[in-house]
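Values below: every heavy atom of this structure, side chains too, minus hydrogens, waters and symmetry copies. Within every chain, numbering begins at 1; the chains are lettered A, B, ... in the order of the sequence lines, protein sequences first and strands thereafter. As the structure is a prediction and not an experimental result, all values here were calculated from the model.
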Protein chains: 2
Amino acid sequence: MANMRATPADDDQPDRWEAQLRKGALEMAALASLWKGRLYGLEIIRFLERHSRLVLAEGTIYPILNRLKTEGMLTSEWVEAEAGHPRKYYSLTDAGRKRLRLMAEAWVSFSQGLSQLLEPVMDTKEISQ
Amino acid sequence: MANMRATPADDDQPDRWEAQLRKGALEMAALASLWKGRLYGLEIIRFLERHSRLVLAEGTIYPILNRLKTEGMLTSEWVEAEAGHPRKYYSLTDAGRKRLRLMAEAWVSFSQGLSQLLEPVMDTKEISQ
DNA sequence: GCACTATACATTGTTATGCGAGGTATATGG
DNA sequence: CCATATACCTCGCATAACAATGTATAGTGC
């Protein structure tokens with residue numbers, strides 16, 4: 001019983017498009033979370049939640065990590081925890097760091113382009129309200 | 001392994017993830033392009049190409065416009081051109097303006113979150129290379 | 001040693017959507 | 001009329017996020 005969106009009329013739920021907004025940036029975010037050192041799956045989710053506004057489901061992060069690993073952007077190693085299930089720690093490879101730098105560059109450029117586009121909108125907001 | 005991409009080695013095609021990066025921002029961009037006045041379909045594409053870094057296909061923009069129109073975010077009117085095919089001009093409704101302001105806000109917040117995440121990466125870039 | 005709980009990794013199916021490819025309508029020029 | 005240019009529209013495929021669900025490991029209470 002997940003979605004069940006009734007009210008088609010004045011449906012201004014920000015969630016809908018905000019979710020779309022994030023698409024595609026997740027891969028970059030996952031790489032970025034590993035910049036300072038290795039983390040394991042669930043830890044990455046928590047890291048992103050704290051250091052940005054991204055909230056990923058487990059069903060989201062593991063496919064991303066596998067994808068990135070397949071592409072050689074990161075490596076993984078099993079590490080036994082003091083208690084509970086062993087953890088799979090992910091680390092950036094050199095290729096991963098390189099890629100992340102490129103992505104970061106593109107992100108800045110892309111984000112500046114959009115900001116420029118939104119400038120008139122933001123201006124109006126400050127004035128009119 | 002459904003990919004069939006040749007050169008698996010140092011394959012750093014920016015296109016692949018850059019395309020993903022943009023996902024979800026297109027709706028906002030389409031609304032933003034109409035902020036200063038009405039435009040028709042192909043004109044929106046050209047506008048975004050010039051005022052940001054977004055390049056949309058026709059098969060992308062028309063579904064978006066129809067979606068936004070269905071949601072009451074914009075209206076359309078046929079206008080005969082001096083020559084050639086008549087044009088369908090799109091204009092923002094009040095709801096569209098309101099939505100765009102909200103989206104712009106969310107965008108800024110989202111983009112700041114990601115920028116924060118990327119700060120260490122960008123720092124390294126300046127220093128090491 | 002058996003339930004119960006917590007932690008962690010993994011997969012499957014649904015849904016949304018960008019976009020390439022192809023199609024239609026209107027007008028102009030040779 | 002046929003080629004070309006402009007403009008709008010639609011179908012289908014591939015991709016990707018994510019909810020739901022399942023499995024493995026280990027600690028706790030009894």
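- Ring planes of B:Tyr89 and B:Tyr40: perpendicular class, angle over 60° (limits at 30 and 60°).
- B:Glu82 places its CD atom 13 Å from the P atom of C:dA27, with the value rounded to the nearest Å.
- Separating the CD1 atom of A:Ile61 from the P atom of C:dT11 is a distance of 15 Å, rounded to the nearest angstrom.
- The nearest whole Å value for the distance from the CD atom in A:Glu58 to the C1' atom in D:dA16 is 18 Å.
- Closest approach to the A:Arg87 side chain among C:dT28, C:dG18, C:dA8 is made by C:dA8 (side chain taken as heavy atoms from C-beta onward).
- Between A:Tyr40 and C:dA8, a side-chain N or O to OP1/OP2 separation shorter than 4.0 Å is present.
- Taking every heavy atom of both residues into account, B:Leu48 and B:Ala29 meet most closely at CD2-O, 3.6 Å.
- With respect to B:Glu43 and B:Arg87, no salt bridge is recorded, no charged nitrogen being found less than 4.0 Å from a carboxylate O.
- Ring-plane geometry between B:His51 and B:Phe47 is classed as parallel, the angle between the planes falling under 30 degrees on a 0 to 90 degree scale with a further cut at 60.
- Here D:dC8 presents its C1' atom at 10 Å from CD1 of B:Ile45, a figure rounded to the nearest Å.
- In this entry the distance linking CZ of A:Arg46 with P of C:dA6 reads 14 Å, nearest Å.
- Closest approach to the B:Pro86 side chain among C:dT26, D:dT25, D:dA19 is made by C:dT26 (side chain taken as heavy atoms from C-beta onward).
- Straight-line distance from the CG atom of A:Leu65 to the P atom of C:dC9: 9 Å, rounded to whole Å.
- Between B:Tyr62 and the phosphate of D:dC8, there is a side-chain N or O to OP1/OP2 separation shorter than 4.0 Å.
- Mapping A:Ile64 and B:Leu42 onto DNA chain D by nearest heavy atom places B:Leu42 closer to the 5' end of the strand.
- For the pair B:Glu80 CD and D:dC8 P, the interatomic distance rounds to 14 Å; values are reported in whole Å.
- Rounded to an integer number of Å, the gap from B:Ile44 CD1 to D:dC9 P is 11 Å.
- Look at A:Arg67 and you'll find a side-chain N or O under 4.0 angstrom from OP1 or OP2 of D:dA17.
- If you check every strand for non-hydrogen atoms under 4.0 Å, A:Gly59 touches a base.
- Residue B:Tyr90 is classed as a sugar-phosphate contact, given heavy-atom separations below 4.0 Å to backbone atoms only.
- For the atom pair CZ of B:Arg53 and CG of A:Leu114, the computed distance is 11.0 Å after rounding to the nearest 0.5 Å.
- Nearer the 5' end of DNA chain C, as judged by each residue's closest nucleotide, is the contact made by A:His85, out of A:Asn66 and A:His85.
- The nucleotide whose nearest atom lies closest to any side-chain atom of A:Trp78 is, among C:dA10, C:dT7, C:dG20, C:dA10.
- Within the nucleic acid shown, A:Leu26 comes within 4.0 Å of sugar-phosphate atoms alone, with no base atom in reach, counting heavy atoms only.
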